[in-house]
Participant: 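Sharing a structure below in structure tokens format, with a few things to ask.
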Amino acid sequence: MSDFPDDMPFFGDPAAPRAQAGGSVAPGGIAARAMKARSAPNYLQGLNPEQRLAVETTEGPLLVLAGAGTGKTRVLTTRIAHILSLGLAYPSQILAVTFTNKAAREMKERIGVLVGGAVEGMPWLGTFHSIGVKLLRRHAELAGLKSDFTILDTDDVIRLIKQLIQAEGLDDKRWPARTFANMIDGWKNKGLGPSEIPEGDARSFANGKGRQLYQAYQDRLKTLNACDFGDLLCHPIRIFRAHPDILREYNARFKYILVDEYQDTNTAQYMWLRLLAQRPDNSRRQSGSPISPLAGEIGAKPGRSTVNICCVGDDDQSIYGWRGAEVDNILRFEKDFPGAAVVRLERNYRSTAHILGAASHLIAHNEGRLGKTLFTEAPNPDDDRVHVHAAWDSEEEARAVGEEIEQAQRKGHALNNMAILVRASFQMREFEDRFVTLGLNYRVIGGPRFYERLEIRDAMAYFRVVAQGADDLAFERIVNTPKRGLGEAAIRQVHDYARARDIPMLAAAADLVATEELKPKPRSALKEVVDNFTRWQSLLDSTPHTELAEMILDESGYTAMWQNDRSAEAPGRLENLKELIRSMEEYESLRGFLEHVALVMDAEQNEELDAVNIMTLHSAKGLEFETVFLPGWEEGLFPHQRSLDEGGRSGLEEERRLAYVGLTRAKKNLHIWFVSNRRIHGLWQSTIPSRFLEELPEAHVEVAETGNSYGGYGGYGQSRFDRADPFQNSYSTPGWQRAQQNRSEATRSNWGSRSGANVERIGYGEADSGFGAGRGSVKGRTIDGELVAKSVSDTPSAFKPGDRVFHMKFGNGNIAAIDGNKLTIDFDRAGQKRVLDSFVQRV
DNA sequence: TAAGCTCATGTTTTT
DNA sequence: CATGAGCTTA
């Protein structure tokens, strides 16, 4: 098609990229053997046979099941290099999709190493969303947008929906915008438009107004010349369906399609891929049919022209089901693409045999897997087993992990090679606190983002209005920031005028300031705003964008606003604004920069610094570290209660996959921790070791002896597993048995319903005795010689107001009030606190 | 208009 | 507990 300026030849005869004959290369077939016989180019050297098969099977559909650490990225990048060097396609004829920018960036770099500058000619290598934007900008008018449309982030979306909910006269507290934003997101993940959502869904929000609101939202987006993340996929899908001629152009263009992390694709992404993977012979089957998902949009029948699509993934690492990913997509691949070749990569180059053994045994507890078993070719008898540690509470956990890190550091291990992977981000804090105390460098990955800061968002809002005058959300954000005396009333007037005429607010403001509608003061203030934007917009194409950006921030008074601010954060904010301008230099234009920010929300981390990495298990996917710490393996936290409540069995399986991801991040050393007490929402609760611990195979695990800290599991004997029955590993230490017993008790009493009423709590005695047996607990039950208090909220409290009590953390105090099993106590030193009755005793 | 107060809320997270 | 949102008060 003529509007592709990017067709650049690579190797071989530029005029005629050769397409190999259709049909896949049967493993062991003549073609495959012939390929092997040929002397292998450099880039193929060092691939193992499976990898090489995956690289060289260029024709036809191919599913690569790549276990953790089996060289997935290498296969993907080498495959692209291979296609290019054989001249099977131009760089611009390869569609390569990833989920994250990080993955896209890495792939690009690694292809660059293999093929050099040719990678620059690959405009279709990127995330689903970035490729979606590219498609949509080309065909924006077919979706009712202009090609300079704005991409809204979650925050904008919520504000917009809130306005709509209020406009409907609904109570935005009863019907939170955030909830509806999530619903819309869910629908868009499934590729459903307002008219296609299930009736039940439509009814479940705002007294049956769900569908109407969704439609109103889409209409509003059109007026704003904007779209949300979901639209980046859904609009192209609609365009392809409604305009087969356009789709055919892309079908013809993309000679090779590669998809990374296929197990994470949602339904919309799946439909998108299927459309793009259509080939001439079967494109007839698709028409402008409504979204009746998944129904034979493709299907390369044997004997017809097949599609060269290669999906790489690992069903065992599917951890994004909660945001719409369909593991089923990968499980169904061979049905979707008949005649597909499947290559399994099971040879692991990352972890020790113990780590692999533990991970494999754990994941084997899941049903419905495609089934892979990782193995290593280099088992080493000296390797450490997976260590399981117990701690009294999360504070001790953080302290002990800190000690181990320092110890490793003394042995010469770099902090960069260590990571702490948590289930939930609140766990990070305790580690951060501890590391600050120790003076240990750490880095939080996936924390609060640069572009989400207030001052950055404000500045971006200015830029957005300049770049795209219809962006009302941005306009509203900064029209009175800094304060210009444009209060609610004035803004309301502009808003209503704009809505009534279906024009952008900036245009409405321009109209209004020419009339006598507004009071003199707001009128002149608004006039200045309008004039400013008009001027900045006129400079957009003639002024270097960084210069323009600085001009905007100065002339608007935004910079001055922070300069005059005497608060502690102000200097930091100014610094961030400077950083923002600096980072703009790397982009060609203001628009390019805005797009980058919309799609790549994160700023780069400082990798120079040697620091321990702290992140969630989710963000650890794809990474590897020499030493990995996995704290918080307790029921309710991991597996997370909410996954269990909402996802049932499949929720549990997803949690298990998450555990599997965690285990397989480690190359050499792996330490798992659980604590017996954790503070949740301010209350100390006793916890039970995660069921996943029991699912680890004894042969690869060692329960660490920890006699080092106060109140801990000091009296532990040598760690042992129950040899009698390897499948029902019961650890034979007292603490373990107690844990087991607690667990079965708890299960019987419906553990962890959200009420928190039947959470088991362990009572304890004086501060220095820690877990001392039987000392002064409230209502007790003896297990293994230790006293376990069970307190349930419907049991009347044994205390009365005015009682003098002792609490291990807060010391002595008097009871002020009682609420079920929760006591409000005025502590002598710590002030008033609410604690559970099982944590205090009378003095 | 901005600070101060009460109240509700509480996974994971990309784009 | 700790944060954020919304509301009240000076």
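Convention: sequence-line order gives letters A, B, ...; per-chain numbering from 1. Excluded from the calculations below are hydrogen atoms, water molecules and symmetry mates; all remaining heavy atoms, backbone and side chain alike, are included.
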Participant: Quick one: salt bridge (charged side-chain N to carboxylate O under 4.0 Å, His left out) partners of A/E528, sequence neighbours excluded?
Facilitator: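 Testing A/E528 for salt bridge (charged side-chain N to carboxylate O under 4.0 Å, His left out), a comparison that skips the adjacent residues, returns none.
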
Participant: Examine B/dT13: is either OP1 or OP2 under 4.0 Å from a nitrogen or oxygen in the side chain of A/T616? Give yes or no.
Facilitator: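 Yes, such a contact exists.
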
Participant: Ring centres within less than 5.5 Å and planes less than 30° apart: is that true of A/H129 and B/dT15 in this structure?
Facilitator: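 No, the aromatic ring of A/H129 does not stack with the base.
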
Participant: Quick one, A/R691 and A/P639 - any side-chain contact, counting heavy atoms below 4.5 Å?
Facilitator: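 Yes, their side chains come closer than 4.5 Å.
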
Participant: Under a 4.5 Å cut-off applied to non-hydrogen side-chain atoms, are A/V97 and A/T127 in contact?
Facilitator: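 Not touching, per the 4.5 Å side-chain cut-off.
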
Participant: Shorter than 3.5 Å, N or O on both sides, protein versus nucleotides 8-10 of chain C: list them out with atom names.
Facilitator:
none

Participant: In terms of the nearest nucleotide of DNA chain B, which residue is placed more toward the 5' end: A/I319 or A/T127?
Facilitator: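 The residue whose closest nucleotide sits nearer the 5' end is A/I319.
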
Participant: Check every strand shown and say whether A/K162 touches a base, only sugar-phosphate, or nothing at a heavy-atom separation below 4.0 Å.
Facilitator: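 Sugar-phosphate, backbone atoms only, no base.
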
Participant: Identify, with sequence neighbours excluded, every residue that meets salt bridge (charged side-chain N to carboxylate O under 4.0 Å, His left out) alongside A/R178.
Facilitator: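 In terms of salt bridge (charged side-chain N to carboxylate O under 4.0 Å, His left out), with neighbours along the sequence ignored, A/R178 is linked to no residue.
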
Participant: With A/R220, which residues qualify under side-chain hydrogen bond (donor to acceptor under 3.5 Å, both in side chains), at least two apart?
Facilitator: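 With sequence neighbours excluded, A/R220 shows a side-chain hydrogen bond (donor to acceptor under 3.5 Å, both in side chains) to no residue whatsoever.
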
Participant: Side chain of A/H618: nearest nucleotide among B/dT13, B/dT11, B/dT15?
Facilitator: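 Selected nucleotide (nearest to the side chain): B/dT13.
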
Participant: Apply salt bridge (charged side-chain N to carboxylate O under 4.0 Å, His left out) to A/R573 and list each qualifying residue two or more places apart in sequence or on a separate chain.
Facilitator: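 Per chain and number, A/R573 pairs via salt bridge (charged side-chain N to carboxylate O under 4.0 Å, His left out) with A/E455, A/E569.
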
Participant: Not counting sequence neighbours, which residues clear side-chain hydrogen bond (donor to acceptor under 3.5 Å, both in side chains) with A/N613? List them please.
Facilitator: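 A/N613 satisfies side-chain hydrogen bond (donor to acceptor under 3.5 Å, both in side chains) with A/R443 only.
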
Participant: Out of B/dT15, B/dT11, B/dT13, which nucleotide sits closest to the side chain of A/W322?
Facilitator: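 The answer is B/dT13.
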
Participant: Starting from C1' on B/dT11, measure out to CG on A/L658 and report it in whole angstrom.
Facilitator: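 Computing the A/L658:CG to B/dT11:C1' distance gives 10 Å.
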
Participant: With respect to the side chain of A/R429, which nucleotide from B/dT13, B/dT15, C/dA2 is positioned closest?
Facilitator: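 My answer, after comparing the listed nucleotides, is C/dA2.
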
Participant: Both A/G485 and A/F128 contact DNA chain B. Which one's nearest nucleotide lies toward the 5' end?
Facilitator: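 Looking at DNA chain B, the more 5' nearest nucleotide goes with A/G485.
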
Participant: Do the side-chain N or O atoms of A/S643 get closer than 4.0 angstrom to the phosphate oxygens (OP1, OP2) of B/dT11?
Facilitator: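 No, outside the criterion.
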
Participant: For A/S425, report the nucleic acid contact type (base, sugar-phosphate, nothing); a contact means any heavy atom under 4.0 Å.
Facilitator: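 Result for A/S425 = sugar-phosphate.
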
Participant: Between the side chains of A/R656 and A/Y660, is a donor N or O closer than 3.5 angstrom to an acceptor N or O?
Facilitator: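 There is no such pair (donor and acceptor under 3.5 Å, judged by atom type) between the side chains of A/R656 and A/Y660.
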
Participant: Round to a whole Å and report the spacing from CZ of A/R484 to C1' of B/dT1.
Facilitator: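 Rounded to whole Å, this separation is 16 Å.
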
Participant: Provide, to the nearest angstrom, the distance between the CZ atom belonging to A/R657 and the P atom belonging to B/dT11.
Facilitator: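 Answer to the nearest Å: 21 Å.
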
Participant: Ignoring the backbone of A/H640, work out which of B/dT15, B/dT13, B/dT11 is nearest its side chain.
Facilitator: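 Ranking B/dT15, B/dT13, B/dT11 by closest atom to the A/H640 side chain puts B/dT11 first.
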
Participant: What integer distance in Å separates A/M428:CE from B/dT11:P?
Facilitator: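 To the nearest whole Å, that distance equals 13 Å.
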
Participant: A/D185 CG to B/dT12 P: how many Å, rounded?
Facilitator: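 So the CG-P distance, A/D185 to B/dT12, works out to 17 Å.
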
Participant: For a 4.5 angstrom cut-off between non-hydrogen side-chain atoms, does A/L473 reach A/R159?
Facilitator: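 Yes, side chains in contact.
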
Participant: Could you check how far CG of A/D153 sits from P of B/dT13, rounded to whole Å?
Facilitator: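 Rounded to the whole Å, the gap is 17 Å.
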
Participant: Where the side chain of A/T154 is concerned, which of B/dT13, B/dT15, B/dT11 is the nearest nucleotide?
Facilitator: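 The nucleotide sitting nearest to the side chain is B/dT15.
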
Participant: Return the set of residues passing ring-ring contact (aromatic ring centres under 6.0 Å, His included) with A/F593 (not counting sequence neighbours), or none when no residue passes.
Facilitator: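 A/F593: ring-ring contact (aromatic ring centres under 6.0 Å, His included) contacts with A/Y587.
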
Participant: Expressed in angstrom and rounded to an integer, what is the separation of A/L637 atom CG from B/dT11 atom C1'?
Facilitator: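 Those two atoms, CG and C1', are 9 Å apart.
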
Participant: Can you identify which nucleotide, out of B/dA2, B/dT15, B/dT13, has its nearest atom closest to the A/K483 side chain?
Facilitator: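 Nucleotide nearest to A/K483's side chain: B/dA2.
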
Participant: Nearest to the side chain of A/Y320 - B/dT11, B/dT1, B/dT13?
Facilitator: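 My answer, after comparing the listed nucleotides, is B/dT13.
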
Participant: Tell me, which stems hold DNA chain C, with a stem being 3 or more Watson-Crick or G-U pairs in a row and both distances under 3.5 Å?
Facilitator: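 Ordered by first number, the stems with DNA chain C (at least 3 consecutive pairs each) read B:1-10 with C:1-10.
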
Participant: Atom CD of A/E430 to atom P of C/dC1: distance rounded to whole Å?
Facilitator: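 Taking atom P of C/dC1 as the reference, CD of A/E430 is at 14 Å.
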
Participant: Mind checking what makes salt bridge (charged side-chain N to carboxylate O under 4.0 Å, His left out) contact with A/E261, not counting sequence neighbours?
Facilitator: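 A/K72, A/K621.
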
